[in-house]
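What you see is a predicted model; the values in this text were computed from it and never measured.
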Amino acid sequence: MSLSSTKVASAAGPRLVEGCGELSRAVTEALRSGGPPVYATGSVLKADPWGEDLQLALYLLYELHYRGFDGVDDEREWDPELLRLRQSMETRVLHALRTELSDAPRTVEEAFAPLLVEPVDLSGSLSHHLETGGELWQLREYAALRSLYHLKEADPHAWVIPRLTGRAKAAMVAIEYDEFGAGRADRIHARLFADLMVDLELDPRYGRYLDRAPAPLLATVNLMSLFGLHRALRGALVGHFACVEVTSSPGSRRLAKAMRRCGAGPSAEHFYAEHVEADAVHEQVVRHEVIGGLLADEPDLEADIAFGCAATVLLEDRLATHLRKAWDQGRSALRSPLPGP
């Protein structure tokens with residue numbers, strides 16, 4: 001039985017994009033038609049878990065839990081056939097992650113220790129490249145891709161709040177309060193990122209660049225949605241969140257310099273400058289209070305926290321490799337290049 005007497009379609013949601021393979025086309029067609037997704041038995045098992053088709057299909061299904069899509073019935077969020085397809089793809093991705101990370105650290109100390117020291121060799125660092133030699137067109141591509149996360153920044157991590165208690169919950173809410181502007185709409189980090197996009201002459205509308213996003217970027221956003229939507233993965237979501245906060249401050253310092261050096265504009269520089277100080281504080285709170293509080297309540301989740309951290313590092317490194325390879329060859333890292341400013 002429908003929850004509403006009439007169907008409600010998201011009018012403020014992003015535009016639904018075209019699929020790029022069997023699974024993503026099945027999702028797109030199902031959302032447009034209102035019918036079930038049509039795909040061959042075994043398609044998910046045959047699909048590359050890190051390929052564009054599966055990652056785009058997963059992204060489209062996850063988006064139903066955020067803002068949905070323009071013209072798509074809001075109740076498709078809990079459509080059993082779509083959820084069944086989503087679950088099968090999540091199982092495929094989690095299996096791939098656990099296989100690739102079979103030798104990863106199992107303790108919080110081992111997982112986070114490498115992230116707490118500045119690497120001696122920064123040649124593989126994406127933010128270091130943008131700081132020292134990146135060009136304005138590369139900053140625009142970086143911002144267009146990152147907009148799929150930053151325009152929903154902190155939203156997937158908020159899902160863990162009802163699953164925490166005591167110290168961990170109080171600390172998590174304190175950090176999220178900052179991320180959501182501390183009571184000021186003009187200070188919400190997603191709004192600050194939209195201002196950055198305007199400085200870079202990009203379209204700041206939510207989900208605007210989904211059709212240009214390559215699989216490695218989609219995988220990074222899908223990872224936090226996967227962890228956020230499953231209570232059983234609350235430890236992994238905390239590990240993901242902590243990894244982002246711990247690594248954000250030094251990376252943001254380099255990106256602020258990159259924006260200033262390339263003349264990107266005051267809002268572009270401000271977004272990252274804001275994160276340098278704020279995330280330096282958040283790093284301490286998340287490590288000592290969120291993780292510390294969660295482990296005090298549920299010590300059995302330590303391996304999950306370490307897994308969430310390791311998975312984040314794996315997919316962020318893979319995205320950095322994708323971007324650097326394309327840029328080093330002088331070509332766009334997007335599925336289709338951006339129009340010039």
Side-chain angles (χ1 to χ4, degrees), residues 14 17 20 24 48-63 65-66 86 89-90 92-94 96-98 100-101 104 111 115 124-127 129-130 138-139 141-160 179 189-190 193 197 206-230 233 236-248 251-252 255 271-272 275 279 307-327 332-335:
V17 303
C20 60
S24 54
D48 178 358
W50 307 118
E52 285 183 356
D53 184 31
L54 188 147
Q55 289 296 328
L56 178 58
L58 204 48
Y59 188 100
L60 295 173
L61 293 174
Y62 283 143
E63 192 55 44
H65 299 282
Y66 294 99
R86 196 191 91 190
M89 291 191 290
E90 288 175 332
R92 185 95 170 88
V93 168
L94 272 174
L97 270 178
R98 294 194 188 282
E100 291 189 54
L101 296 172
L115 307 180
S125 165
L126 189 61
S127 60
H129 163 74
L130 290 171
Q138 294 170 346
L139 290 175
E141 289 204 346
Y142 182 78
L145 290 178
R146 288 297 195 188
S147 70
L148 295 182
Y149 163 61
H150 281 304
L151 293 181
K152 62 167 67 108
E153 184 172 337
D155 288 348
H157 297 116
W159 280 321
V160 83
E179 302 283 351
H189 285 186
F193 194 82
M197 296 180 75
Y206 182 93
R208 173 62 183 81
Y209 294 103
L210 174 57
D211 59 350
R212 298 177 190 272
L217 183 284
L218 295 174
T220 64
V221 185
N222 286 339
L223 182 71
M224 64 187 91
S225 299
L226 167 64
F227 290 164
L229 283 167
H230 291 269
L233 295 172
L237 184 67
V238 167
H240 179 282
F241 184 66
C243 182
V244 171
E245 295 296 333
V246 166
T247 57
S248 173
S252 293
L255 288 168
F271 175 81
Y272 289 108
H275 282 70
D279 288 344
F307 170 68
C309 176
T312 306
V313 171
L314 175 72
L315 297 191
E316 288 293 337
D317 285 351
R318 188 169 289 165
L319 172 62
T321 299
H322 171 86
L323 293 172
R324 286 296 305 274
K325 181 179 179 181
W327 292 346
S332 171
L334 280 58
R335 291 175 63 197

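Using a 4.5 Å heavy-atom threshold, the side chains of Phe307 and Leu97 count as touching. Side-chain contact between Leu61 and Met89: present, with at least one pair of heavy atoms (C-beta onward) separated by less than 4.5 Å. Between Asn222 and Val93 there is no side-chain heavy-atom pair separated by less than 4.5 Å. Under the 4.5 Å side-chain criterion, counting only non-hydrogen atoms from C-beta, Leu54 is not in contact with Asp48. Under the 4.5 Å side-chain criterion, counting only non-hydrogen atoms from C-beta, Tyr149 is not in contact with Thr220.
Of all heavy-atom pairs between Leu126 and Ala320, the closest is CB-CB, 4.1 Å. The shortest heavy-atom contact between Arg324 and Ser125 is NH1-O, 4.0 Å. The shortest heavy-atom contact between Pro214 and Leu145 is CD-CD2, 3.5 Å. Scanning all heavy atoms of the two residues, the minimum distance from His322 to Ala333 falls at NE2-O, 2.9 Å. Nearest heavy atom pair, residue Gln55 against residue Pro49, reads NE2-O, 2.7 Å. Here the closest non-hydrogen pair linking Ser332 and Ala326 is O-CB, 3.7 Å.
Checked by atom type and distance alone, the side chain of Glu52 never pairs as donor or acceptor with a backbone atom of Cys20 at under 3.5 Å.
Taking the ring axis of Phe193 as reference, the NZ or CZ atom of Arg146 does not stay both within 45° of it and closer than 6.0 Å to the ring centre.
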Checklist line | Pair Lys152-Val221, side-chain contact (heavy atoms from CB on, under 4.5 Å): steps then yes or no | finding: CA-CA 10 Å; Lys152 62 167 67 108; Val221 185; 4.2 Å; yes
Next item on the list: Apply side-chain contact (heavy atoms from CB on, under 4.5 Å) to Tyr62 and Met224, showing your working.
Entry: CA-CA 10 Å; Tyr62 283 143; Met224 64 187 91; over 6 Å; no
Note to self: Pair Tyr66, Asp155 - check side-chain contact (heavy atoms from CB on, under 4.5 Å), show working.
What the structure shows: CA-CA 8 Å; Tyr66 294 99; Asp155 288 348; 4.1 Å; yes
Next item on the list: Any chance you could lay out the side-chain contact (heavy atoms from CB on, under 4.5 Å) test for Cys309 and Leu115, step after step, and finish with the verdict?
Entry: CA-CA 10 Å; Cys309 176; Leu115 307 180; 3.6 Å; yes
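A distance of 6.0 Å separates CH2 of Trp50 from CD of Glu100, quoted to the nearest 0.5 Å. Here the CG-NE2 distance, from Leu223 to His240, works out to 5.0 Å after rounding to the nearest 0.5 Å. Atom CG of Leu218 is separated from atom CG of Leu148 by 7.0 Å, given to the nearest 0.5 angstrom. The distance from the CG atom of Leu210 to the CG atom of Leu60 is 6.0 Å, given to the nearest 0.5 Å. We find the CZ-CG distance between Arg318 and Leu314 to be 4.5 Å, quoted to the nearest 0.5 Å. Atom CZ in Phe227 sits 6.0 Å away from atom OG1 in Thr312 (nearest 0.5 Å).
The aromatic rings of Trp159 and His65 sit perpendicular to each other, their planes meeting at more than 60°, with 30° as the lower class boundary.
With His189 as the partner, the ring-ring contact (aromatic ring centres under 6.0 Å, His included) test is satisfied by one option alone out of His275, His157, His150: His275. Of the residues listed (Glu141, Gln138, His129), the one engaging Trp327 in a side-chain hydrogen bond (donor to acceptor under 3.5 Å, both in side chains) is Glu141, and it is the only one.
The pair Arg86-Glu63 does not meet the salt-bridge criterion, since no charged nitrogen lies less than 4.0 angstrom from a carboxylate oxygen.
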